[in-house]
Amino acid sequence: MLNILVIGNGQCGNRILDSINRYAMGGGKSCNKLAKFYSKQRFKSHVETLAFNTAVNDLKEMKFTKAKDRVHIPHLHGVGANRNVGKQVFEESKEQIMRQIEERGNFDIAFVLTSASGGTGSSFTPLLVKEMKKRYDYPIYCVVVLPFREEGTLYLQNAAFSIRDIRQSGADGIILADNQYLKNIGGSIQDAYNGINDMIAERLLFLLDALDSEMMMVTDLGDFKTVMNGGAGLATIGFFRADKEMPVKTAIQNSLSPSGLLFSTNVYEEASRAMIIIKGDRKYLSIDDISTEIEKLSGAVGHVFKGIVVCNGEYPQILSLLTLESAHELEKLYHVAVQAIHYEKAKKQRVEEGVEMEKTFSQIEGLEPEY
Amino acid sequence: MKLKGTHRTVLFAFLILLTLGSTASARTTVYDGDIEEGEVYQLNNYIIEITDVFPEASTASYYVYERDKEIANGLLDINESFEFDFEDDGEVQMRLKSVHGGGVLPRATVEISISNYNIGDLYVSEVIESGHSGATFAGDPKLVIVKSVDKSEIEVGDVITVTVTARTTGNDVANKVLFTDPKQEHFILKETTYEVSTSIPKIDYGQSVPETLVYIYNLKATEAGTFDLRAVTATYTNSAGQTYQSSSNTPSITVSEGNKQIANVDSLMNVDLSSVGRNEKITSTVILKNTGSAPAQAVRLDIMVPEGMEYVGGDEGIETIGGNPRIYLETLQPNNDKEFRYILKAKEVGTYSINSELSYEYSNGVDAQNIKQNKEFASSRINVKEGKFDFLIKNPLYIIISAIILAVIGFQVYRRHREYRY
């Protein structure tokens, strides 16, 4: 059995973590709010979850994560999307944070869930990974959520610097999920956020279960590490769950299609390595179909690991993990982020010009009006 | 002569007193004295006439009459006697005791006795000095009373006119006539058109005497059936003061229901369940319906809740008296019905039926007083079984186990709440 640590940093990380815990209780998205009173998380592996946040309200919002796993790092009510403040807070609370991790024991793998754009998550994650890499030798993978492009300049520049810092922190890989790409889920902002969180949670839980499942064709943690080592250290996940009888070939294709991926990429051009995990009833899993599709994919990306989990009575479910050697969408994000940085810089200059205005007012210093 | 007569009267009275109360069969002397030739002795309507007295022959001749009819005659020697039948069963005997010739007219001393007769019935017993022509006889007045009606077949509520007349058909006048007309069942007296005074002093007899009108009044029929009107009775005396009594005929009247109105209220009580568990509720529906032709007033239904059941509540028109529901309606019109619902709770296991007492009154359009009706009803049987949780009471182990399970669940919920509360 694998020992897995999942950490959620900041509001976004906390919510995805809570969603994972909710899915793990069974019932998926429609899991009853009262399930925590009569049920418990059923992970295939030994999974420990930890949520860090400077905003206590974000921690209070979590419903399916135990209180002891919700750690408040006191600093007003958050760091206000300021990564510098966040870094400072982390440094001040580093020992408290690391003690929490230490108390959870030793692990075979760790995932850190975070938004790239917020305050606490984007600033804590690089420093936390760096510190964990210093202390532990297990691989650490970050699941990083990119912001909506229209969310503002601060979030965009945070995302740009945060992703860079995470790469430099020693993380073994970054799995990208893009809010912008996923916003076609529709509905209200809250529904979109919840939908994105649920999508990420469902994929991660599927991955965690698959890594510790008995498979007809095996993929294991070693394969996962190999896949994640490929490319530029960036990856994304595709997923498809058939709700009716359909050829497994179609299901695999759907998992690699834009609607199945968490991040916009042309799989056949940008992917470097891949892992395909197929789950379902034996009668739906045609080896010929699977082989044909895997061959097609490996012909484009190189090596593809495949694992098959047989579950009686279930329609095909496909999870595809893809490492990227290039990410056109990320480049576009950085391009926008640079513009945002310039915009913020220009704004700051204008503020400085405001100091000149102070000089204007100083001309009447010492004078009184005469009537 | 007068003085002699007075003595005879005193003596007669004395003898009457002496013999009063004696048995009818004993012979009683009613006269012992002298009777002059040509005088008579009258006993009620009988006359004993001494026609001739022969002192020399010590004989006397006699004639006996009933009124004017001669019934016997003969010649008696001293100490000889004769008898004749008197009225119904009586027998009169006269014995010649002696004859005397010293006066203006010869006279005979006689003893007259009577047997097998109640002396008290003698209203005349005296010597009539003026002879047979001077005797006065009393007759038997026969008062014929006729009660007639103008209609003999009527409907309830109809009025008949009753006429009562009287006529004396006997051979004497009727004196001090007192009529009595008893109250008539099944009818009420609507109006009296004519009523004779308390007592009629005298009603003459004879064909030429017109009928005497006694009553004219109206009766109203209150009930269906065939009824005989009660007889009018009259008491009266004849000229001798004897008391008589007569009764009228009794006309028969047939009264049909006709237009008499009636209110007929029934209570139909249903329950939604015939079998319930203990502590469960039953809804009962009561329908009060007037199938009669008259409005029912003061309609009251008292529902007797069985001891094993409890009244929980009901419609607005239901009040509670001593734990039992009561329905009260001022008026329930003909062909109308009212529905009420109430709820009972089964408290004890058993079989019950809900009894109810209905009372109401109505006017039938005939009687002055309202007619009151009382009825009793009972619902179908309700079987109360053991409740769902009665087994818990019977076996406390279930409660303990349940409590433990609840406690475990409660502890689990509390523990999880503590685990997840932040």
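Residue numbers begin at 1 in each chain, while the letters A, B, ... track the order of the sequences.
Residues of residues 60-75 of chain A lying under 4.5 angstrom from chain B, judged on non-hydrogen atoms, are A:K60, A:K63, A:F64, A:T65, A:K66, A:A67, A:K68, A:R70, A:V71, A:H72 by number. Residues of residues 83-90 of chain A lying under 4.5 angstrom from chain B, judged on non-hydrogen atoms, do not exist.
Residue B:Y398 qualifies as open at atom OH: its count of foreign heavy atoms under 6.0 Å is 12 or below. In the displayed structure, B:K338 atom NZ is contacted under 6.0 Å by at most 12 heavy atoms of other residues, nucleotides or ligands. Atom CZ of B:R341 has 12 or fewer neighbouring heavy atoms from other residues, nucleotides or ligands inside a 6.0 Å radius. Counted within 6.0 Å of CD on A:E103, heavy atoms from surrounding residues, nucleotides or ligands total more than 12; the atom is thus considered enclosed. Within a 6.0 Å sphere centred on NZ of B:K388, heavy atoms belonging to other residues, nucleotides or ligands number 12 at most. In B:E319, the CD atom is crowded: over 12 heavy atoms of neighbouring residues, nucleotides or ligands sit closer than 6.0 Å. No more than 12 heavy-atom neighbours from other residues, nucleotides or ligands sit within 6.0 angstrom of OH on A:Y155. Within 6.0 Å of NZ on B:K281 lie no more than 12 heavy atoms contributed by other residues, nucleotides or ligands.
Proximity of A:V56 to B:Y422: side-chain heavy atoms (C-beta onward) are separated by under 4.5 Å at one or more points.
The two residues B:R416 and A:K40 make their nearest non-hydrogen contact at NH2-CB, 3.7 Å. Contact detail for B:Q412 and A:F37: the closest heavy-atom pair is CG-O, 3.5 Å.
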